[in-house]
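Here it is: the structure, laid out below.
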Amino acid sequence: MAKQPIESLNATTAATEAADLRVELNQWRQDYYDNDAPKVEDDVYDREYARLVALETAFPTIVTPDSPTQLVGGTVKAGFTKVQHPIPMLSLGDVFSQGELQEFDERLRQNVDEPFDYNCELKIDGLALSLRYENGRLIQGSTRGNGTIGEDITKNIMTIASIPHQLKRPLTVEVRGECYMPKAAFADLNARREAAGEPVFANPRNAAAGSLRQLDTKVTAERQLSTFMYNVADYAPLTARTQSDMLTEFADLGLTINPDFKVAHSMTEVFDYIDHYQHERPDLAYGIDGIVIKANPLPLQRSLGATVKVPRWAIAFKFPPDEQPTLLEDVEWTV
Ligand SMILES: NC(=O)c1cc2c(=O)c3cc(F)ccc3oc2nc1N
């Protein structure tokens, strides 16, 4: 049904609509985060979620603690040891148009007096993970979970080739990134599963999540997972002063980063980057669901900090869902 404009609602009608949205969104979250099997396309979830945020913003008294707007990520799957993230792993705020991205930039620059660049990065469509290194040795891997409590997947991440067990320098640092399954590995896996009469994965993100959040490490080891690291919990151990230099420092340490990042000196350059990768997307070896732009100076990231849920210094520009082009040779031509 058509949504009433927010201005025409009162707290009671808003609370009723919000309650219905929460039931629906929490069920979808459960499917997405806990069962790695979403029931709806991301854009449907995002649209309903944006409506709930708008209702709660217009009527703050209707917010409830269990509202998905107050939670981050999913929960901890049974069978996994829990890991407390000393510094929470947050999610990114989303925007869906260049206009909204422009607003994000203007809002940010109102609170920052010195000029700054953005670092543009591909938004890898996988699942977030955190790696703890002590004196350069990999000692723990965990999922985001709900942002403060994740799952211990140390044994599983030890089997991923792109994750070094020893950094090139003896740093004690917690790095964060995305675990993903390349498109080719996804196609192979589903072909094997189909041949074996097993259910196939809906998309590479679910396949990566199902392969990483796996109690049987041998299964993880054969799933050809990979990673791109993009963030730290605590900036102190690094020498880098910008996001872009941090990615280069990660590579020097032996971590795997996505090389397609780019410093943008204006929103025009940000939009050019977005347009370029919106076209490149089908040819990339891995799935992306958007672009992430981040304030490049690390001291600025630190001073801007985060809300209860998202960093103030970064935003995700989401692409519309990936329409798989129908390959013409797949179409039966009737003559
Ligand atoms: N999927 C991604 O490729 C990707 C994801 C995030 C985040 O989730 C993320 C979450 C934060 F709280 C802060 C920075 C982040 O940076 C990020 N950068 C990326 N490139």
Side-chain angles (χ1 to χ4, degrees), residues 1-6 9 11-78 80 82-85 87-97 100 104 123-130 142-151 176 178 202-203 205-206 208-210 213 289-290 292 305-312 314-321:
M1 103 244 169
K3 304 273 184 195
Q4 303 291 323
I6 301 260
L9 299 176
T12 311
T13 47
T16 307
E17 183 186 342
D20 295 345
L21 280 172
R22 287 191 198 106
V23 169
E24 201 173 44
L25 287 164
N26 278 330
Q27 181 50 55
W28 287 343
R29 280 168 67 78
Q30 172 105 33
D31 298 331
Y32 183 92
Y33 281 112
D34 297 344
N35 313 333
D36 300 324
K39 290 274 189 320
V40 289
E41 283 297 332
D42 286 4
D43 64 321
V44 173
Y45 179 93
D46 291 340
R47 188 177 61 239
E48 298 294 276
Y49 183 85
R51 173 74 180 181
L52 178 58
V53 170
L55 288 168
E56 293 183 348
T57 306
F59 300 96
T61 57
I62 69 172
V63 177
T64 57
D66 76 324
S67 176
T69 59
Q70 310 301 302
L71 306 171
V72 171
T75 55
V76 175
K77 203 172 186 175
F80 282 100
K82 292 181 183 174
V83 170
Q84 166 103 24
H85 298 301
I87 296 177
M89 284 181 77
L90 303 177
S91 303
L92 288 168
D94 291 337
V95 292
F96 302 88
S97 71
E100 285 177 274
F104 169 81
K123 188 172 181 302
I124 310 303
D125 195 9
L127 77 157
L129 86 164
S130 189
S142 57
T143 60
R144 177 170 22 217
N146 66 10
T148 37
I149 305 285
E151 295 141 331
R176 281 141 184 210
E178 203 81 2
N203 56 51
R205 189 233 165 257
N206 292 356
R213 301 176 69 211
D289 61 343
V292 187
T307 67
V308 72
K309 197 172 168 309
V310 298
R312 291 192 184 90
I315 195 81
F317 176 91
K318 296 294 282 286
F319 290 148

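Both backbone and side-chain heavy atoms feed into the values below; hydrogens, waters and symmetry mates do not.
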Paired with Arg22, the side-chain hydrogen bond (donor to acceptor under 3.5 Å, both in side chains) test is passed by just one of Glu17, Gln27, Glu56, namely Glu56
Applying side-chain contact (heavy atoms from CB on, under 4.5 Å) to Arg312 and Thr307, what does each step give before you reach the verdict? CA-CA 7 Å; Arg312 291 192 184 90; Thr307 67; 4.1 Å; yes
Any chance you could measure Asp94, atom CG, to Tyr45, atom OH, to the nearest 0.5 Å? 10.0 Å
Test log, rule salt bridge (charged side-chain N to carboxylate O under 4.0 Å, His left out), inputs Glu151 and Lys82: CA-CA 5 Å; Glu151 295 141 331; Lys82 292 181 183 174; over 6 Å; no
Is a side-chain N or O of Thr57 found less than 3.5 angstrom from the main chain of Val53, in a donor-acceptor match?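 Checking the backbone N and O of Val53 against the side chain of Thr57, a donor-acceptor pair under 3.5 Å is found.
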Heavy-atom pair of closest approach, residues Pro311 and Ser91: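 Closest heavy-atom pair between Pro311 and Ser91: CD-O, 3.1 Å.
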Give the minimum heavy-atom separation between Arg213 and Phe80, together with the two atoms involved. C-CZ, 3.4 Å
Between Asp20 and Val23, is any pair of side-chain heavy atoms under 4.5 Å apart? no
Would you say Ile149 and Val83 make side-chain contact, with heavy atoms under 4.5 Å?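 No - every pair of side-chain heavy atoms lies 4.5 Å or more apart.
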What heavy-atom pair brings Ala14 and Phe59 nearest, and what distance separates the two atoms? CB-CD1, 3.3 Å
Side-chain contact test, heavy atoms from C-beta onward, threshold under 4.5 Å: evaluate it for Leu92 versus Val310 and give yes or no. no
Who are the side-chain contact (heavy atoms from CB on, under 4.5 Å) partners of Val95, not counting sequence neighbours?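 Counting only residues at least two positions away or on another chain, Val95 forms a side-chain contact (heavy atoms from CB on, under 4.5 Å) with Glu100, Leu101, Ile315, Phe317.
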Could you walk me through whether Leu52 and Ser67 pass side-chain contact (heavy atoms from CB on, under 4.5 Å), step by step? CA-CA 9 Å; Leu52 178 58; Ser67 176; 3.6 Å; yes
Provide the closest heavy-atom pair for Ile62 versus Ala15 in the form atom of the first, atom of the second, distance. CG2-CB, 3.7 Å
Does Asp43 have any salt bridge (Lys or Arg N to Asp or Glu O under 4.0 Å) partners at least two apart in sequence or in another chain, and if so, which?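 Residues passing salt bridge (Lys or Arg N to Asp or Glu O under 4.0 Å) with Asp43: none at all.
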To the nearest 0.5 Å, how far apart are OG in Ser97 and NZ in Lys318?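 Spacing of OG (Ser97) from NZ (Lys318) equals 13.5 Å.
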Please confirm whether the backbone N or O of Thr143 pairs with a side-chain atom of His85, one donor and one acceptor, at under 3.5 Å?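 Yes, because the side chain of His85 sits within donor-acceptor range (under 3.5 Å) of the backbone of Thr143.
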When you check the gap from the basic side-chain N to the acidic O, do Arg205 and Glu178 get nearer than 4.0 Å? no
Side-chain heavy-atom pair Met89, Leu129 within 4.5 angstrom cut-off: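 They are not in side-chain contact.
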How long is the gap from CG on Leu9 to CD1 on Ile6, to the nearest 0.5 Å?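 Answer for the CG-CD1 pair, Leu9 versus Ile6, is 6.0 Å.
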Please check this pair: side chain of Arg144 against backbone of Leu90, looking for a donor-acceptor N/O pair closer than 3.5 Å. yes
Measure across Ser130 and Arg176 and return the closest heavy-atom pair with its distance rounded to 0.1 Å. OG-NE, 3.4 Å
What is the distance from atom CG of Asp125 to atom CG of Asp289, rounded to the nearest 0.5 Å?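 That separation rounds to 4.0 Å.
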Do Trp28 and Glu48 make a side-chain contact, defined as non-hydrogen atoms from C-beta onward lying under 4.5 Å apart?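 Result yes, sub-4.5 Å side-chain heavy-atom pair found.
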